[in-house]
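One structure is given below, encoded as structure tokens.
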Protein chains: 2
Amino acid sequence: MYYCFMKKSSLYKGCLEPILLRLLKDHGRMYGYQMTQMVKDITKGELNITEGALYPLLHKLEEQGIVETETEMNGNRMRKYYSLTKAGKKQTNIAMDEMKAFMQSLEYIVNPKIALG
Amino acid sequence: MYYCFMKKSSLYKGCLEPILLRLLKDHGRMYGYQMTQMVKDITKGELNITEGALYPLLHKLEEQGIVETETEMNGNRMRKYYSLTKAGKKQTNIAMDEMKAFMQSLEYIVNPKIALG
DNA sequence: AAATATACATAATTTTCTTATGTATAGGTA
DNA sequence: TACCTATACATAAGAAAATTATGTATATTT
């Protein structure tokens, strides 16, 4: 382990939920593994969602009625598809507003001159 | 408590350290309370750093040799000024690169069309 | 006189990850 | 054939990084 190349612990702590909501809003019905691959693709390999973070969060969202699931077989392999409920769509809109405000705040801090212009 | 108006827990979880490093890089010597106020100002009230998050983090950064401190009296009130060490400046550059990559990733997810253009 | 602002600090708790582990099928390759 | 990687789910233990609550003390405003 070359510690000098080790990345700091993830910056996206706290952002995973809105990220998943956004994915489901844009792409509709998705299964967990598909989400991890799509995020990896979209971010050009930057964001790698771990399974230990993903699945418990999806289960929580289901409990809260934010998403609903359908389990299907793909050949002999199970896929659990998630999609936003009506309440989930409302929640997603709120979460997206918060995300945009948050991203603007980061811009203000990281690019103060540009942000003030 | 009107739960429907409750904000979700903070998105900046995980970003606080790079935020503080950026502040110190831009403004030099600062004390803790000043950092909270400046972040609140810069972000137009969006990001409110709690003391319970701030002070333990500053102490950790000092332990790690990222920042160094000078305590001064302002009238009868103490102020503990923090500034980046040489190692801290290096670390800040790395952290800023990571932050920019992270922010770009968020853009890709939240504004897929714009980001792809 | 009381409330708010300034200025630090820390403990208990909660949230939210990482890491490790487990199960199982499918496909590629040495 | 055996092994590795990818696909696809799940959960437990532990760590990281906040929130919330509390404490001390001075200064300013109402």
Side-chain angles (χ1 to χ4, degrees), chain A residues 1 3 6-21 29-41 45 47-64 66-67 69-82 95 98 102 105, chain B residues 1 6-21 29-41 45-64 66-67 69-82 95 98-99 102:
Chain A
M1 296 273 271
Y3 65 87
M6 296 279 293
K7 267 204 141 180
K8 296 295 298 291
S9 77
S10 69
L11 293 170
Y12 80 94
K13 207 164 210 157
C15 292
L16 184 54
E17 181 174 324
I19 286 171
L20 296 185
L21 294 179
R29 214 160 146 274
M30 294 183 77
Y31 58 98
Y33 185 76
Q34 187 186 13
M35 297 179 201
T36 68
Q37 298 309 301
M38 190 173 283
V39 167
K40 198 195 282 184
D41 283 354
L47 291 193
N48 289 286
I49 300 173
T50 60
E51 294 165 299
L54 177 72
Y55 292 112
L57 176 51
L58 287 173
H59 300 162
K60 193 198 75 176
L61 292 173
E62 188 178 10
E63 264 180 39
Q64 294 175 341
I66 306 292
V67 298
T69 63
E70 288 168 324
T71 298
E72 286 181 18
M73 294 310 286
N74 174 254
N76 271 339
R77 269 207 299 250
M78 183 183 66
R79 283 176 179 172
K80 197 163 164 188
Y81 282 92
Y82 290 83
E98 285 174 8
F102 170 63
S105 292
Chain B
M1 297 272 271
M6 296 278 293
K7 262 202 146 182
K8 296 299 296 294
S9 75
S10 71
L11 293 171
Y12 81 94
K13 216 163 207 167
C15 291
L16 184 53
E17 182 174 325
I19 287 171
L20 296 185
L21 294 179
R29 216 162 144 273
M30 294 183 76
Y31 57 97
Y33 185 76
Q34 186 185 12
M35 298 179 201
T36 67
Q37 298 309 300
M38 189 173 283
V39 167
K40 198 195 283 182
D41 284 354
E46 267 296 314
L47 290 193
N48 289 285
I49 299 173
T50 59
E51 294 164 297
L54 177 72
Y55 292 113
L57 175 52
L58 287 174
H59 300 161
K60 191 197 75 175
L61 292 174
E62 189 179 9
E63 264 180 41
Q64 294 175 339
I66 306 291
V67 297
T69 64
E70 288 168 323
T71 298
E72 286 182 17
M73 295 309 287
N74 175 254
N76 272 339
R77 266 206 301 248
M78 183 183 69
R79 283 177 179 172
K80 196 163 164 189
Y81 284 91
Y82 291 83
E98 285 174 8
M99 269 293 273
F102 171 63

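In what follows, chains are A, B, ... by sequence order, proteins preceding strands, each numbered from 1. Side chains are part of it too, since the values below use all heavy atoms of this structure and drop only hydrogens, waters and symmetry mates.
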- Task: Considering just the side-chain nitrogens and oxygens of Tyr12(A), establish if one lies under 4.0 Å of OP1 or OP2 belonging to dA16(D).
- Result: no

- At under 4.0 Å between heavy atoms, what does Leu16(B) touch on the DNA or RNA strands: base, sugar-phosphate, or nothing? sugar-phosphate

- Message: I'd like to check Gln37(A) versus Lys40(A) (side-chain heavy atoms, cut-off strictly below 4.5 Å). Are they in contact?
- Response: yes

- Message: Just N and O in the side chain of Asn76(B): are any of them under 4.0 Å from OP1 or OP2 of dA27(D)?
- Response: yes

- Could you tell me whether the side chain of Leu54(B) reaches within less than 4.5 Å of the side chain of Leu20(B), counting heavy atoms only? yes

- Query: CD1/Ile49(B) to CG/Leu16(B) distance, rounded to the nearest 0.5 angstrom?
  - Reply: 5.0 Å

- Item | Sequence-distant partners of Glu62(B), salt bridge (Lys or Arg N to Asp or Glu O under 4.0 Å), two or more places apart | none

Listed pairs, N/O of protein and of nucleotides 1-5 of chain C, under 3.5 Å:
none

- To the nearest 0.5 Å, tell me how far Ser10(B) OG sits from Glu46(B) CD. 11.5 Å

- Item | Leu61(B) CG to dA17(D) P, straight-line distance once rounded to whole Å | 10 Å

- Query: dT25(C) C1' sits how many Å from Met73(A) CE, rounded?
  - Reply: 9 Å

- Starting from C1' on dT6(C), measure out to CE on Met30(B) and report it in whole angstrom. 15 Å

- Length of the line joining Leu54(B):CG and dT22(D):P, which is rounded to integer Å: 21 Å

- Query: Considering only heavy atoms from C-beta outward, does the side chain of Met35(B) approach that of Leu58(B) to under 4.5 Å?
  - Reply: yes

- So do Phe102(B) and Cys15(B) actually touch side chain to side chain, heavy atoms under 4.5 Å? yes

So which protein nitrogen or oxygen atoms get under 3.5 Å of nucleotides 9-11 of chain C's nitrogens or oxygens?
residue : atom : partner  : partner atom : Å
dA9(C)  : OP1  : His59(B) : NE2          : 3.4
dA9(C)  : OP1  : Lys80(B) : NZ           : 2.9
dA9(C)  : OP2  : His59(B) : NE2          : 3.1
dT10(C) : OP2  : His59(B) : ND1          : 3.3

- Task: Rounded to the nearest angstrom, tell me the gap between atom CG in Asn74(B) and atom C1' in dA27(D).
- Result: 10 Å

- Message: Expressed as a whole number of angstroms, how long is the span from Gln34(A):CD to dA6(D):C1'?
- Response: 15 Å

- Item | Nearest-Å distance for atom pair CZ/P, residues Arg79(A) and dT25(C) | 16 Å

- Message: Between Thr50(A) and Gly32(B), which residue's closest nucleotide on DNA chain C lies nearer the 5′ terminus?
- Response: Gly32(B)

- Nearest atoms (heavy-atom pairs only) where Glu51(B) meets Pro56(B): O-CD, 3.7 Å

- Message: Measure CD/Glu17(B) against P/dA18(D) and give the value in whole Å, please.
- Response: 8 Å

- Smallest separation among heavy atoms of Tyr81(B) and Glu72(B), with atom names: CE1-OE1, 3.9 Å

